[in-house]
There are 2 protein chains.
Amino acid sequence: MDNYHDRRVRKSKIALKNALMSLLQQKNLQQITVMEIVQTADVNRGTFYKHYQYKEELLEEMVDDIIVDLIDSYRNPYQKGENISVDNLNVSAIKIFDHVENHADFYTIIAKSNALVGLQNQICRQLTDLMKEVVQQYQEPEGIDLNLLASYQAYAIWGLIIEWINQNFKYSAAYMSNQLLTILQLTRYS
Amino acid sequence: MDNYHDRRVRKSKIALKNALMSLLQQKNLQQITVMEIVQTADVNRGTFYKHYQYKEELLEEMVDDIIVDLIDSYRNPYQKGENISVDNLNVSAIKIFDHVENHADFYTIIAKSNALVGLQNQICRQLTDLMKEVVQQYQEPEGIDLNLLASYQAYAIWGLIIEWINQNFKYSAAYMSNQLLTILQLTRYS
DNA sequence: TTGATTAACAAACATCTGTTTATTTACAGG
DNA sequence: CCTGTAAATAAACAGATGTTTGTTAATCAA
């Protein structure tokens, strides 16, 4: 469908994303019209509807971009062939918190908006997949459904991120992963 | 503003909520128009706009209703047929899972929709407040920010609920709170 | 460089949105 | 059982949405 190799498409999409990002600093999604977006982006309205069905879909694609970076951030430490341990989990956590900090404006919009698309779900789903890799390394879960445990851990971390955002990033990313580690150290996964 | 003790208002709002609920079984919120809602509800369009700004606000009020029941479920300490555990958190958890099970259709829509994350936030925020009460009972948190811990626990439980929903409620509420307790028993608070 | 492709565009259209009017009807309280 | 209040309604409106059409021009591949 979309020809990402075409410079015109990339230009249009970037313009639309920048426009929406800038508008989201001022008002929430419901108050933003497609007309405003295309006017701000200086793009024809038909061009918007060529690529997206609704403004929510545009936002979803913005999340996709962020998620690519999230996965990169997460996978980085493991690419050195280290074993997965609580320490490594902490390294991953640092990477994740760094990533959130780097996109603080974006995550703030996501977290504070009241009408956003399934982007938090997307992020949490991704986190859940990542957590599955970690959780499967634990020996002897003893009657615990690993899918449940992975989802538990993923959303728990997301909960930390949300609270971090709500406190306006008053802690550093290092402190946050420290907190996570401290909480996890209370837990004796074998 | 809204006169809740007027039967007409209650009737209109219930009709609108039922209509939206039924439409959400078929398509997602973005594809539903206000016109469809009022046609399904057999209510004048002006009546909709008298009570709500957008369809999202109608949905928010539906969540509010659910949240009232959630808090009730949580605060209602002892109802018949339940074995009271020593662990307060476990008792609370059972209540919460029971509540979700009772509103399984609603939570399924919430969880599977791509446009309702703001509402999940609302629920998680509520869960976070509830968790704060629990978390504050733990002795010596040792350098852990209690707000972070509460948010961590709240979203963790939400993660369990999400996975529960995604597996189409194949477990019982009792099993779910059992899982939570098992996971938490790995954790040595206090 | 050239030719085929297709994105971007302006314009026009039916539908939906959000608001406002005036009118009718149901309600709560006395 | 009245009566003032206010909710529900139909109708009409400007503006936004979503789609379609034909045209222009940028891009890719050869």
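Protein chains get the first letters and strands the later ones, always in sequence-line order, with residue 1 at the start of each.
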When rounded to the nearest 0.5 angstrom, what is the spacing between NZ in Lys50(A) and NZ in Lys13(A)?
11.5 Å

Is any side-chain heavy atom of Tyr49(B) closer than 4.5 Å to one of Val34(B)?
yes

With the criterion being N/O to N/O and under 3.5 Å, what pairs connect the protein with nucleotides 8-10 of chain C, and how long is each?
| unit_1 | atom_1 | unit_2 | atom_2 | d |
| --- | --- | --- | --- | --- |
| dA8(C) | OP1 | Arg8(A) | O | 2.6 |
| dA8(C) | OP1 | Val9(A) | N | 3.4 |
| dA8(C) | OP1 | Ser12(A) | OG | 2.2 |
| dA8(C) | OP2 | His51(A) | NE2 | 2.9 |
| dC9(C) | OP2 | Asn44(A) | N | 2.7 |
| dC9(C) | OP2 | Thr47(A) | OG1 | 3.1 |
| dA10(C) | OP2 | Asn44(A) | ND2 | 2.9 |
| dA10(C) | N7 | Asn44(A) | ND2 | 3.4 |

Got a salt bridge between Asp6(A) and Lys11(A), using NZ or NE/NH1/NH2 to carboxylate O under 4.0 Å?
no

Charged N to carboxylate O below 4.0 Å: is that the case for Lys27(B) and Glu36(B)?
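Answer for the salt bridge query: yes.
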
Would one find a side-chain N or O of Tyr49(A) under 4.0 angstrom from OP1 or OP2 of dT19(D)?
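Indeed not, no polar side-chain atom of Tyr49(A) lies that close.
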
If I compare all heavy atoms of Val43(B) with all of Ala15(B), which pair ends up nearest, and what's the gap?
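Closest approach of Val43(B) to Ala15(B), heavy atoms only: CG2-CB, 4.2 Å.
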
Looking at Lys17(A) and Asp65(A), what are the two nearest heavy atoms and their distance?
NZ-OD2, 3.0 Å

Have a look at the helix from dT1(C)-dA30(D) to dG30(C)-dC1(D) and give the angle its two end axes make, five pairs each, rounded to 10 degrees.
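One end's axis against the other's: 60°.
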
Taking atom [atom2] of [N] as reference, at what distance in whole Å does atom [atom1] of [X] sit?
| X | N | atom1 | atom2 | answer |
| --- | --- | --- | --- | --- |
| Phe48(B) | dT19(C) | CZ | P | 11 Å |
| Glu56(B) | dT17(C) | CD | P | 11 Å |
| Leu29(B) | dT17(C) | CG | P | 11 Å |
| Glu36(B) | dT15(C) | CD | P | 14 Å |
| Gln53(B) | dT20(C) | CD | P | 12 Å |
| Tyr54(B) | dT17(C) | OH | C1' | 13 Å |
| Met35(B) | dA14(C) | CE | P | 16 Å |
| Gln30(A) | dT17(C) | CD | C1' | 14 Å |

Are a donor atom and an acceptor atom from the side chains of Asn178(A) and Tyr171(A) found within less than 3.5 Å of each other?
no

Gln153(A) and Tyr152(B): side chain donor to acceptor below 3.5 Å
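The answer is yes; a qualifying pair exists.
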
